Number of protein chains: 2
Amino acid sequence: MPRPPADARAARDAPPEMPAAPTQAGRFEQARRVQSMALLEDYAELIADLLATAGEARPTDIARRLGVTHATAIKAITRLKREGLATALPYRGVFLTEAGEHLAARVKTRHLLVVDLLRAVGVPADAAEQDAEGIEHHVSDITLEAFARFLKEK
Amino acid sequence: MPRPPADARAARDAPPEMPAAPTQAGRFEQARRVQSMALLEDYAELIADLLATAGEARPTDIARRLGVTHATAIKAITRLKREGLATALPYRGVFLTEAGEHLAARVKTRHLLVVDLLRAVGVPADAAEQDAEGIEHHVSDITLEAFARFLKEK
DNA sequence: CGCAAAATGTAGCCATGGCATCACAATGGA
DNA sequence: TCCATTGTGATGCCATGGCTACATTTTGCG
Ligand SMILES: [Mn+2]
Ligand SMILES: [Mn+2]
Ligand SMILES: [Mn+2]
Ligand SMILES: [Mn+2]
């Protein structure tokens, strides 16, 4: 029996939790869930920016801004459509649904707040811009509120 | 001609950059590179913890702590070995190489610092622990130094 | 006009990281 | 001792997100 060699076997179990489990496994699971949203968030934010700035969001522009090939961008756009975040008319560019616009707005606000927070604690501008691109996706609403309070009081 | 409808076409090009490009595409590329290390980092950190705490790191324990099946853990361990970060004797547990131990130490320090920083700016303990699990991987050395300075001066 | 260039879309390949399932190994306890 | 239980490992499946290569559509320009 592989039953642990009779040595230090730590505490176990924990009932099946649906929300964000406070256990270590639960934290990893939540981090994986969050990560699976990251790509959609970046696309939504970028598409909203292109629509607001250039009036249109074309696959090629999206791809260039993200540093991927257009084929990769088009596949991601397919996923955005499947998830109800975007629509696209063949050869006519990409648009955001209501849900997509809401997501984009939330993501943009969060992105800016994360950069501001990093700058506020002394992170150089370049590093703040770079790191925020990855960090943002893992900042929960609770944490975001804390960031906002911190910045206001500063 | 798909040449942009004669409308607002923003600035283009940028020579091929190898390090972390300051362009938007460069930031996304760097974020993707960082993300590809995240799994290895979490495994290294966890294995080091199990070795220090229980004296051994078994695939089943690793899997339980990460919230994945043992098959998933074993495949990740295969990648750790391939990357020169771990070794494993069949049915005898997993060990870290020098490189693996160095990575684990760096990752643990960074994890703790990220949690401390979040707490310092007012993030509740639970949210700090949760969000840090994903954020940590995107915190560069530059940013980490800024966090350390901020905490020291506080 | 008509056509070449650019954008778009499609297909197929690969690596990663989940999963379930099955077969084999190890071992503690009856 | 032996065997039921548990750990380990190997496969095979799927989804995601990169890529290249090729086909198709669009449209500005000569
Ligand atoms: Mn991002
Ligand atoms: Mn962003
Ligand atoms: Mn982590
Ligand atoms: Mn960690």
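Protein chains get the first letters and strands the later ones, always in sequence-line order, with residue 1 at the start of each. Note that these values count all heavy atoms, side chains included, but never hydrogens, waters or copies made by symmetry. Treat the numbers as computed from the prediction; the structure is a model and nothing was measured.
- To the nearest angstrom, C1' of C:dA7 lies 11 Å from CZ of A:Arg92.
- One interatomic measurement links the two molecules: CG of A:Leu89 to C1' of D:dT26, which rounds to 15 Å at whole-angstrom precision.
- A:Leu80 places its CG atom 16 Å from the C1' atom of C:dG9, with the value rounded to the nearest Å.
- For the pair A:Tyr91 OH and D:dT26 C1', the computed distance is 8 Å after rounding to whole Å.
- No side-chain heavy atom of A:Leu113 sits under 4.5 Å from any side-chain heavy atom of A:Arg110.
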Counting primed atoms, P, OP1 and OP2 as sugar-phosphate and everything else as base, the B/S/- map of nucleotides 13-20 of chain D against protein heavy atoms under 4.0 Å is ---SBBBB

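- When only modelled atom types and interatomic distance are considered, B:Gln35 and B:His138 share a side-chain donor-acceptor pair under 3.5 Å.
- Ion pairing between a basic and an acidic side chain is recognised when a charged N comes within 4.0 Å of a carboxylate O; B:Asp61 and B:Arg58 show such pairing.
- Atom P of nucleotide C:dA6 and atom CZ of A:Arg58 are separated by 12 Å, given to the nearest angstrom.
- For the pair B:Asp61 CG and D:dT6 C1', the computed distance is 12 Å after rounding to whole Å.
- With B:Gln24 as the fixed residue, the side-chain hydrogen bond (donor to acceptor under 3.5 Å, both in side chains) test singles out one of A:Glu129, A:Glu133, A:Arg65: A:Arg65.
- Applying the salt bridge (Lys or Arg N to Asp or Glu O under 4.0 Å) test to residues at least two apart or on different chains, the pairs with a partner in residues 80-101 of chain A are A:Arg79-A:Glu83.
- B:Ile77 places its CD1 atom 7 Å from the P atom of D:dG9, with the value rounded to the nearest Å.
- If you measure from atom CD1 of A:Ile74 to atom P of D:dA21, you get 17 Å, rounded to the nearest angstrom.
- Under the 3.5 Å distance criterion, the side-chain polar atoms of A:Arg27 are left unmatched by any main-chain donor or acceptor of B:Gln130.
- Taking side-chain N and O atoms only, A:Thr60 has no distance below 4.0 Å to OP1 or OP2 of C:dA6.
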